[in-house]
Structures are given as C-alpha cells and as structure tokens.
Amino acid sequence: MNPGEFDLIARIRSRIAARADVVLGIGDDAALLQPPAGMQLAVTADTLNAGVHFPESAAAADIGWKALAVNLSDLAAMGARPAWCTLSLSLPVSDPAWVDAFLDGFLPLAQAHGIGLVGGDTTRGPLSISVTAIGLVESGCALRRDAAQVGDDVWVTGTLGDAGAALAQLDASEPEPFLRSRLDRPTPRLAAGQALIGLAHACVDVSDGLLADLGHICARSGVAAQVQVAALPASAALLQTFAVAQRAEFQAGGGDDYELCFTAPADARERIEALAQILDLRFTRIGIIRTGQGVLAVDAQGNRWQPSRQGYDHFA
Ligand code: ADP
Ligand code: MG
C-alpha cells in the first residue's frame, strides 16, 4: 500500500537537521523562525510544472535540485544569504521512492547553501513543485532591479544559452551532456550575488532570457541598455554544438540560464575582475546603460540585431 500524506511528510522530516534559527520546524501549523537583528528578509517563490519547467523525462533528483536552485537564484540576484525554505508538493500518486529521489537532489543543494527546509504542503494533483525561499540581507543593502544608472557597464556571470540549446536538442535527440546538465541542474550564483553588494547597482537573474531580464532592469530603473551580441559568453559545449547564428539566439533569448546580469559603474571593473579570480567564475562585460528605454542588441558591425524570441512569457 502506498503511504499517506503524513507518512510522506514524516519521511521528509526525518531527513532534516535541527538548526538554531529554526525555533519550530516541520510538524506544527507554521514554522517559527528567528531572524538575526539588523537583517531584512528577501522572500521569493517559484513553481515548477511538469512539461513546462522540466521535461516529462526529467529524473526526480534533477527536479528536486532545480526546484530549489531557481529559488536560490532569485536570492542570489538580491545579494541575499539563503536561510529557510518551504516545499509544496503536488503529486499524482503517493510514491515514496520518487519523494526520496527528489530529496536526493533537493537536500544536498540546500545543505551546500545553508538553507533549512522548515515546512510545506503535500497534496495530490498533477506533478507540480512550489518552493518559497527566504534569505537574509543587511538592511538597505539588497541588489534591486531599479538601481541601474546611466553610464553603468552591463555584466553577466558564467555562460549563456546552454539550457536553451539543451531544450532545443531535446526535441530531436538526447542533448549534449554538459548542455543537458545546465538545463537540469542550474548553478545558483549565490557567492557572486553576495559579493556584488556594494559593487553592483542593479541585478537580476537570467531565468527568462538575457534580453528580457535585462529589459526588466531597464524598465524598473528608467534607463536603456545596449548589448553587444558578439560579447555574450558561450561555453565550449555551446561553441562546439551550434553555429554562431543559432548560438546568439540561445544566448540572447533562451531561458533557464540562472546567471546574474548586473550593472556596475566603470570604476568597479577591476574589483569585479578580481572577484572573477576569487570565485573562479567568468564575469563578462556585455554592454552599457544609456538614457532612454528598452534593450538594444547590436552585432559586431554595430547594426541592430533582433532575436526571433525575446524571452519566455507563460501567457504569451
Ligand atoms: P496543515 O494541515 O496544518 O497545513 P499539514 O498537515 O499540511 O498541516 O502539514 C503538517 C506539517 O508538515 C506542517 O508543519 C507542514 O509545514 C509540514 N509539511 C507538509 N508538507 C511538507 C513538505 N512537502 N515539505 C516540508 N514540510 C511539509
Ligand atoms: Mg497543509
């Protein structure tokens, strides 16, 4: 017989360690959390639906990883330090092996970033996972979308387009393994986000596609951006797998990158490059912030470049 809701919750609870800032964790009507003095809470939620946010073929452990990773990425974009999270599971059947495998992906990532699972909900329905993550950031110091300034450089961490390329390959065959891992197990850039406090003006994580997400910074900050398409960083795997025109589409408009795109004044360049060494992470300058509105992408000749798709909109 399949276990009931409470057995599944007990299974989850048995794998959670106690921590000092969780006064009361899983098992009561609500968790009681103790935030440190002088810190603001950064709160974010993201839902993953089968067939939309992960392929139907995705392994449970990869789904577990990604459900948390996309939320950690939002905390990273605020410069916040992860503290607590909740997990709402909608499952078609009560399958303990699936829940165990899901936790095999979720919990090691949680452990690595010091985020504690403090509650959630378990229901029956189409496969859907919703995580709420709470981070801590010193009062007034969070990286926001609305603080870009004219003259800022535009930067991006890591490489772009890998996940978009994997998704395109999935339609025909099994994707190239590195690209597939970038789609299934994105790396939230938490150390980078926290290190950018005091250096970056505005920041966003690239979840819907670079141009779309940079567009959010521009709209919120009341500025325009110009981006050099040829400057967008590409992984060796993407370079080997796709020709330049296709690559540019994935880099500028493919979603699921979970890199950070941020703006910073020119006098921060050296410190940002030093950060790249310390964090062993690529930081690439890809454009500038100007007066006006919207994001203009240009090719190597300085001509306007337009992607066939700007970014992902669930209701478009
Ligand atoms: P209630 O009916 O009062 O909302 P539940 O029976 O849904 O309580 O949940 C019991 C306890 O288990 C609560 O503390 C809740 O936060 C926790 N919980 C339920 N589902 C999960 C889950 N998927 N992951 C972590 N904690 C969970
Ligand atoms: Mg409940």
Side-chain angles (χ1 to χ4, degrees), residues 1-36 39-76 78 80-136 184-188 190 207 258:
M1 204 184 84
N2 285 345
E5 172 189 340
F6 298 104
D7 297 313
L8 286 181
I9 296 170
R11 223 175 167 86
I12 295 170
R13 186 182 182 190
S14 71
R15 291 179 65 173
I16 308 300
R19 45 188 279 163
D21 59 3
V22 179
V23 180
L24 194 54
I26 295 173
D28 211 308
D29 291 309
L32 292 175
L33 309 173
Q34 188 59 61
M39 303 295 272
Q40 287 176 331
L41 303 180
V43 183
T44 182
D46 262 313
T47 299
L48 266 64
N49 293 325
V52 181
H53 301 92
F54 54 87
E56 306 273 1
S57 63
D62 290 336
I63 298 169
W65 173 287
K66 190 164 182 177
L68 182 59
V70 301
N71 281 279
L72 290 173
S73 178
D74 283 320
L75 294 184
M78 303 302 290
R81 177 157 57 82
W84 309 292
C85 64
T86 63
L87 169 63
S88 293
L89 287 174
S90 165
L91 305 174
V93 289
S94 161
D95 180 349
W98 191 92
V99 171
D100 287 344
F102 176 91
L103 293 174
D104 290 342
F106 187 99
L107 292 177
L109 184 64
Q111 172 98 41
H113 293 290
I115 192 163
L117 178 61
V118 299
D121 200 22
T122 306
T123 57
R124 179 147 77 165
L127 182 60
S128 175
I129 299 100
S130 186
V131 172
T132 296
I134 304 173
L136 300 168
D184 289 338
R185 295 211 169 206
T187 307
L190 287 151
S207 52
Y258 302 103

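Note that the structure is a prediction, hence the values are computed from the model and not measured. Whatever order the structure lists them in is the order used to number ligands and atoms, beginning at 1. Only heavy atoms go into these numbers, but all of them, side chains included; no hydrogens, no water, no symmetry mates.
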- Message: Could you check whether D184 pairs with K66 (Lys NZ or Arg NE/NH1/NH2 to Asp/Glu carboxylate O, under 4.0 Å)?
- Response: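 K66 and D184: not salt-bridged.
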
- Message: I want to check something: taking the side chain as every heavy atom from C-beta on, are W84 and L41 in contact at a cut-off of under 4.5 Å?
- Response: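 The answer is yes, as the side chains (C-beta and beyond) meet within the 4.5 Å cut-off.
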
- Task: Would you indicate which of D28, L8, I26 comes nearest to atom 13 (C) of ligand 1 when only heavy atoms are counted?
- Result: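 Closest candidate by heavy-atom distance is D28.
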
- Query: Between D46 (side chain) and N71 (backbone), is there a donor-acceptor pair under 3.5 Å?
  - Reply: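 Looks like no, no N/O pair under 3.5 Å.
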
Heteroatom distance test ([X], ligand 1): nitrogen or oxygen, under 3.5 angstrom:
X	answer
L117	no
L87	yes
L89	no

Hey, which atoms in ligand 1 end up nearer than 4.0 Å to a heavy atom of [X]?
X	value
D29	3 (O)
F6	6 (O)
T122	19 (C), 20 (N), 21 (C), 22 (C), 23 (N)
E5	6 (O), 7 (O)

- Message: Ignoring hydrogens, what is the shortest heavy-atom contact between G114 and R19? Give both atom names and the distance.
- Response: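 Heavy-atom minimum between the residues: O-NH1, 2.9 Å.
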
- Qualifying residue for side-chain contact (heavy atoms from CB on, under 4.5 Å) with L87, from L117, T122, V118: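 Output: one option passes, namely L117.
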
- Message: Below a 4.0 angstrom heavy-atom separation, can you tell me which part of R13, side chain or backbone, both or neither, approaches ligand 1?
- Response: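 Looking at R13 and ligand 1, no heavy atom falls under 4.0 Å.
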
- Task: Select one of side chain, backbone, both or neither to describe which atoms of D121 lie under 4.0 Å from any atom of ligand 1, heavy atoms only.
- Result: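 Both parts.
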
- Message: Nearest 0.5 angstrom please: D121 CG to I9 CD1, how far?
- Response: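 Nearest 0.5 Å value for the CG-CD1 distance: 7.5 Å.
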
- Message: Using the side chain to side chain donor-acceptor pair (under 3.5 Å) criterion, which residues pair with T47? Sequence neighbours excluded.
- Response: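 So T47 forms a side chain to side chain donor-acceptor pair (under 3.5 Å) with S130.
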
